[in-house]
Amino acid sequence: EALTTFLSLHPDHTRVADAFFLRATARRGLGEVEGALSDYDAYLVARPGRIDSYIEEWSGDLLAASGRHLEAAARYQAAACQPRLGSPALMHIKASRAFLDGQDASSALSSADLALQTAPDDFTRASANLYAGRALVALEDAQAGYARWLESVEKYPGARDTYLALIDL
């Protein structure tokens, strides 16, 4: 309530962006998805270019958890296009998983391929192959899907998602 009062009484204050961020975080913790998304979006307007990738990722996480998979995938794709520490591969993997959950196997495959191209390590490559394989199977190209999973088994045997790919095989 204090943050809401602050925002209504001081809409031009230099700390408005901080208030939106803090209120979004509180709302996220309380499970208030729409309020958190609104505040995250307001933060992006108030302070663009700072932590946009992370705000988009957290928004995607909220949407995915509430079953709005295709909206989540769009947020993850936006996060992948913004500067962040490390590789954008994780955002592409999250997008691929969200597309699969949203029944868009073609987009899931594209996102998994982007993850594979930007993957910084074998664990990420195994994850990309897991989701690419699942997308290919959903697109009724089981042999290509199996090939992706087998590649992970052969090249990335220590990765957790290789084990999941082995189960899918």
Q: Give the intermediate values and the outcome of side chain to side chain contact (heavy atoms under 4.5 Å, CB included) for residues Leu85 and Tyr54.
A: CA-CA 10 Å; Leu85 294 174; Tyr54 302 99; 3.7 Å; yes
How far does [atom1] of [X] sit from [atom2] of [Y], to the nearest 0.5 angstrom?
{"X": "Leu169", "Y": "Trp149", "atom1": "CG", "atom2": "CH2", "answer": "6.5 Å"}
{"X": "Phe6", "Y": "Arg15", "atom1": "CZ", "atom2": "CZ", "answer": "8.0 Å"}
{"X": "His92", "Y": "Phe99", "atom1": "NE2", "atom2": "CZ", "answer": "11.0 Å"}
{"X": "Leu114", "Y": "Met91", "atom1": "CG", "atom2": "CE", "answer": "13.5 Å"}
{"X": "Lys155", "Y": "Arg125", "atom1": "NZ", "atom2": "CZ", "answer": "9.0 Å"}
{"X": "Phe20", "Y": "Tyr40", "atom1": "CZ", "atom2": "OH", "answer": "13.5 Å"}

Q. Taking only residues two or more places apart in sequence, or in another chain, which ones meet Arg160 in a salt bridge (charged side-chain N to carboxylate O under 4.0 Å, His left out)?
A.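 In terms of salt bridge (charged side-chain N to carboxylate O under 4.0 Å, His left out), with neighbours along the sequence ignored, Arg160 is linked to no residue.
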Q | salt bridge (charged side-chain N to carboxylate O under 4.0 Å, His left out) partners for Asp121, two or more places apart | A |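 Partners of Asp121 by the salt bridge (charged side-chain N to carboxylate O under 4.0 Å, His left out) criterion come out as none, since no residue qualifies.
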By side chain to side chain donor-acceptor pair (under 3.5 Å) - contacts of [X] (at least two apart):
{"X": "Asp141", "result": "none"}
{"X": "Ser96", "result": "none"}
{"X": "Glu71", "result": "Arg68"}

Q: Check Leu3 against Arg23 and note the closest heavy-atom contact, atom names and distance.
A: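 Reported closest heavy-atom pair: CD1-N, 3.5 Å.
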Q. Taking all non-hydrogen atoms of both residues, which atom of Val137 and which atom of Gly145 are closest, and how far apart?
A. CG2-CA, 4.4 Å
Q: Give the C-alpha distance, both sets of side-chain angles, the deciding distance and a yes or no for side chain to side chain contact (heavy atoms under 4.5 Å, CB included) between Asp61 and Arg28.
A: CA-CA 10 Å; Asp61 291 346; Arg28 179 180 181 168; 3.7 Å; yes
Q: Scan Asp39, Leu22, Leu37 and name whichever one has a side chain to side chain contact (heavy atoms under 4.5 Å, CB included) with Arg27.
A: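 Going through Asp39, Leu22, Leu37 one by one, the side chain to side chain contact (heavy atoms under 4.5 Å, CB included) with Arg27 is satisfied by Asp39 alone.
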Using atom types as modelled, flag every donor-acceptor pair under 3.5 Å from a side chain in residues 105-113 to any protein atom, sequence neighbours excluded.
from   : atom 1 : to     : atom 2 : distance (Å)
Ser107 : OG     : Asp104 : OD1    : 3.2
Ser107 : OG     : Asp104 : OD2    : 2.8
Ser110 : OG     : Ser106 : O      : 3.3
Ser111 : OG     : Ser107 : O      : 3.3
Asp113 : OD1    : Arg148 : NH1    : 3.1
Asp113 : OD1    : Arg148 : NH2    : 2.6

(Q) Looking at Thr162 and Ala126, would you say the former's side chain and the latter's main chain have a donor-acceptor pair under 3.5 Å? (A) no
Q | Side-chain (Asp41) to main-chain (Ser38) donor-acceptor, under 3.5 angstrom | A | no
Q) Same cluster or not: are Ile51 and Leu44 linked, directly or through other Ile, Leu, Val, Met, Phe, Trp or Tyr residues, by side-chain heavy atoms under 4.5 angstrom apart? A) yes
Q: Please step through side chain to side chain contact (heavy atoms under 4.5 Å, CB included) for the pair Tyr156 and Asn129, ending with a clear verdict.
A: CA-CA 10 Å; Tyr156 323 119; Asn129 274 341; 3.7 Å; yes
